[in-house]
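Inspection log for the structure reproduced underneath, given as structure tokens.
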2 protein chains.
Amino acid sequence: MPTRSDAPRERILAAASDLFGRQGYSPTTIAQIEQAAGLSPGAGGLYRHFGSKRDLLEQVLTRQLDEGPDLGAFLSSAGDSGSYRDQLLAVARAALRRLEHERDLNRLLVRDLSAAPELLALVRDRELRTVHRGLTRWLEQHRPGGRLPAAEVATVLMGALSHYWILADVFGGEHPFGVSEEEFLGTLAEMAAAAP
Amino acid sequence: MPTRSDAPRERILAAASDLFGRQGYSPTTIAQIEQAAGLSPGAGGLYRHFGSKRDLLEQVLTRQLDEGPDLGAFLSSAGDSGSYRDQLLAVARAALRRLEHERDLNRLLVRDLSAAPELLALVRDRELRTVHRGLTRWLEQHRPGGRLPAAEVATVLMGALSHYWILADVFGGEHPFGVSEEEFLGTLAEMAAAAP
DNA sequence: CGAGTCTATAAGTAAGCACTTACTTACGGG
DNA sequence: CCCGTAAGTAAGTGCTTACTTATAGACTCG
């Protein structure tokens with residue numbers, strides 16, 4: 001939560017990130033952001049810190065990309081002990097946490113970035129491909145056997161996890177298929193562990 | 001393509017579905033829809049057929065839900081011959097085609113429906129759960145063995161397929177991981193076939 | 001104290017928005 | 001042939017939007 005004592009620039013960024021994430025870019029008004037940041041709504045105080053609404057979106061995005069916790073942290077959270085299945089389970093669980101942690105970024109990606117190719121490329125290079133490459137290498141190093149190509153397996157795993165999170169997020173936290181997180185994660189780990 | 005000779009109501013629905021899908025609900029203006037439907041933009045001719053912009057969204061959505069091809073069609077496209085892996089491959093390929101066929105509906109779901117609980121529930125009950133239940137039953141009937149719960153396996157498969165499609169769609173057709181559709185589908189089928 | 005800078009606001013502006021009203025045209029049935 | 005209805009448009013209404021300008025308080029450093 002941004003408090004009035006924080007730097008105003010930071011308060012505005014946090015408020016904008018939250019509102020863009022919850023309502024989307026277009027329906028969110030400058031006045032709403034100002035109010036949420038503790039400025040008087042509609043007075044235009046936001047423009048002391050950002051050149052335009054579009055500029056603000058850009059900064060919200062790059063801030064999330066910069067602050068994103070390092071990939072190693074969440075991959076190493078699996079530990080090196082336990083069965084391959086259990087390590088996969090830990091990684092998958094950490095991935096869901098990361099998706100939630102970068103919630104606003106993920107929402108913006110699927111909702112509002114289609115018409116902004118440069119921002120799209122930014123997220124692709126600094127988030128999506130980074131995670132995908134990290135998971136691919138993790139698979140190459142940790143799985144026994146390994147006939148299937150690691151990059152494709154990583155795509156399947158990331159897809160299943162991301163889509164589970166997206167659907168739960170869109171539906172307010174409750175996944176529409178009635179499949180609990182634990183059941184889902186367990187089955188996903190089982191399937192990946194059984195893959196040749 | 002809607003032509004001027006079509007019923008005006010149908011032309012407007014098609015134009016709105018396309019524009020809502022491409023740009024999102026909020027940034028799309030009534031004038032744009034009128035122009036795309038062959039009416040004079042900004043003249044308000046759209047309101048001869050729909051009560052409000054929100055009403056139009058509702059009708060676009062229910063039309064897509066009504067016109068959605070029956071589930072049996074795409075599940076039975078797998079045929080009953082060939083290895084389980086090959087049947088899975090055929091179903092997965094058909095699923096990607098279905099996602100593309102219901103493109104605008106899928107885009108609206110993740111983009112613009114968060115703030116419309118009734119429409120969200122409509123899509124959940126008439127599309128998402130229907131497909132999930134259909135795939136679950138298909139798995140129960142076709143796969144050999146089957147220790148893992150079918151509903152969870154179906155969630156994993158639908159998630160991987162949907163997310164692959166969403167990412168490719170957001171990035172203009174080119175999946176950001178550089179994983180081709182064939183490689184992806186092959187690996188997915190392999191993994192699901194190997195699952196116990 | 002006092003000059004300069006940062007921060008905020010009051011009060012706008014011009015454009016864009018969903019939507020309305022009043023009027024015209026086309027057409028099919030009695 | 002006229003009347004009712006459907007379809008379309010010109011011209012607006014009132015509101016909201018992103019963004020601007022002018023002004024004033026507060027803080028830092030001399």
Side-chain angles (χ1 to χ4, degrees), chain A residues 1-61 63 108 111-113 115-116 118-119, chain B residues 1-61 63 108 111-113 115-116 118-119:
Chain A
M1 281 296 159
T3 72
R4 179 166 278 270
S5 64
D6 289 335
R9 188 191 154 81
E10 207 53 37
R11 269 161 36 211
I12 295 172
L13 278 173
S17 182
D18 177 56
L19 286 167
F20 285 164
R22 286 218 317 269
Q23 309 181 335
Y25 174 77
S26 184
T28 298
T29 71
I30 299 290
Q32 276 183 318
I33 299 170
E34 286 171 336
Q35 187 157 45
L39 304 186
S40 83
L46 184 146
Y47 292 96
R48 295 278 144 196
H49 307 275
F50 300 93
S52 67
K53 190 183 178 183
R54 165 62 194 254
D55 174 49
L56 175 58
L57 170 66
E58 214 167 305
Q59 312 243 18
V60 162
L61 223 90
R63 196 187 65 134
L108 279 173
R111 266 192 195 160
D112 297 296
L113 258 46
E118 337 77 59
L119 302 185
Chain B
M1 281 298 161
T3 72
R4 179 164 279 269
S5 65
D6 290 334
R9 187 191 154 81
E10 207 52 37
R11 270 163 33 213
I12 295 173
L13 278 172
S17 182
D18 177 56
L19 285 167
F20 286 164
R22 285 218 318 269
Q23 308 182 335
Y25 173 76
S26 185
T28 298
T29 70
I30 298 290
Q32 277 183 319
I33 299 171
E34 286 171 337
Q35 189 158 43
L39 303 186
S40 83
L46 184 145
Y47 292 97
R48 296 275 149 200
H49 306 275
F50 299 93
S52 68
K53 191 183 177 183
R54 165 63 193 253
D55 174 49
L56 174 58
L57 170 66
E58 215 168 303
Q59 312 243 18
V60 162
L61 222 88
R63 196 188 65 133
L108 279 173
R111 264 192 196 159
D112 298 296
L113 258 46
E118 336 78 57
L119 301 185

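Values in this document were obtained by computation on a predicted structure and should not be read as measured data. Each chain gets a letter, A, B and so on, in the order the sequences are listed, and its residues count up from 1.
In terms of modelled atom types and a separation under 3.5 Å, the side chain of Q59(B) and the main chain of L13(B) share no donor-acceptor contact.
Of all the heavy atoms in A31(A) and G42(A), the pair that sits closest is CB-N, 3.6 Å. Between L61(A) and L113(A) the shortest heavy-atom distance is CD2-CD2, 4.1 Å.
At a threshold of 4.5 Å between non-hydrogen side-chain atoms, the residues E58(B) and F50(B) do not count as touching. The closest side-chain heavy-atom distance from L119(B) to R54(B) is below 4.5 Å. Taking 4.5 Å as the limit, some side-chain heavy atom of L56(B) sits within range of a side-chain heavy atom of I33(B). Put simply, the side chain of R63(B) reaches to within 4.5 Å of the side chain of E10(B), judged on heavy atoms.
Look at CZ on F50(B): it is 11 Å from P on dA7(D), rounded to the nearest Å. The CD atom of Q35(A) sits 15 Å away from the P atom of dA8(C) (whole-angstrom rounding). Following rounding to the nearest Å, I12(B) (CD1) and dT9(D) (P) show an atom-to-atom distance of 10 Å. Atom CZ in R9(A) sits about 11 Å away from atom P in dT7(C), given to the nearest Å. Note: CG (L46(A)) to C1' (dC6(C)) measures 16 Å, nearest angstrom.
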So which protein N/O to nucleotides 17-24 of chain C N/O distances come out below 3.5 Å?
residue, atom, partner, partner atom, Å
dA18(C), OP1, T28(B), O, 3.3
dA18(C), OP1, K53(B), NZ, 3.0
dA18(C), OP2, I30(B), N, 3.0
dC19(C), OP2, Y47(B), OH, 2.9
dC19(C), OP2, K53(B), N, 2.8
dC19(C), O5', Y47(B), OH, 3.4
dT20(C), O4, A43(B), O, 3.3
dA22(C), N6, R48(B), NH2, 2.9

Check: For DNA chain D, what is the dot-bracket line, given that a base pair needs Watson-Crick (N1 to N3, plus N6-O4 or O6-N4) or G-U wobble (N1-O2 and O6-N3) geometry with both distances under 3.5 Å, and | means paired with another strand?
Finding: |.||||||||||||||||||||||||||.|
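Here the OG1 atom belonging to T28(A) is positioned 10.5 Å from the CG atom belonging to L57(A), to the nearest 0.5 angstrom.
Taking 4.0 angstrom as the limit, S40(B) places none of its side-chain polar atoms (N or O) nearer than this to OP1 or OP2 of dG8(D). Put simply, H49(B) has no side-chain N or O that comes within less than 4.0 Å of OP1 or OP2 on dA6(D).
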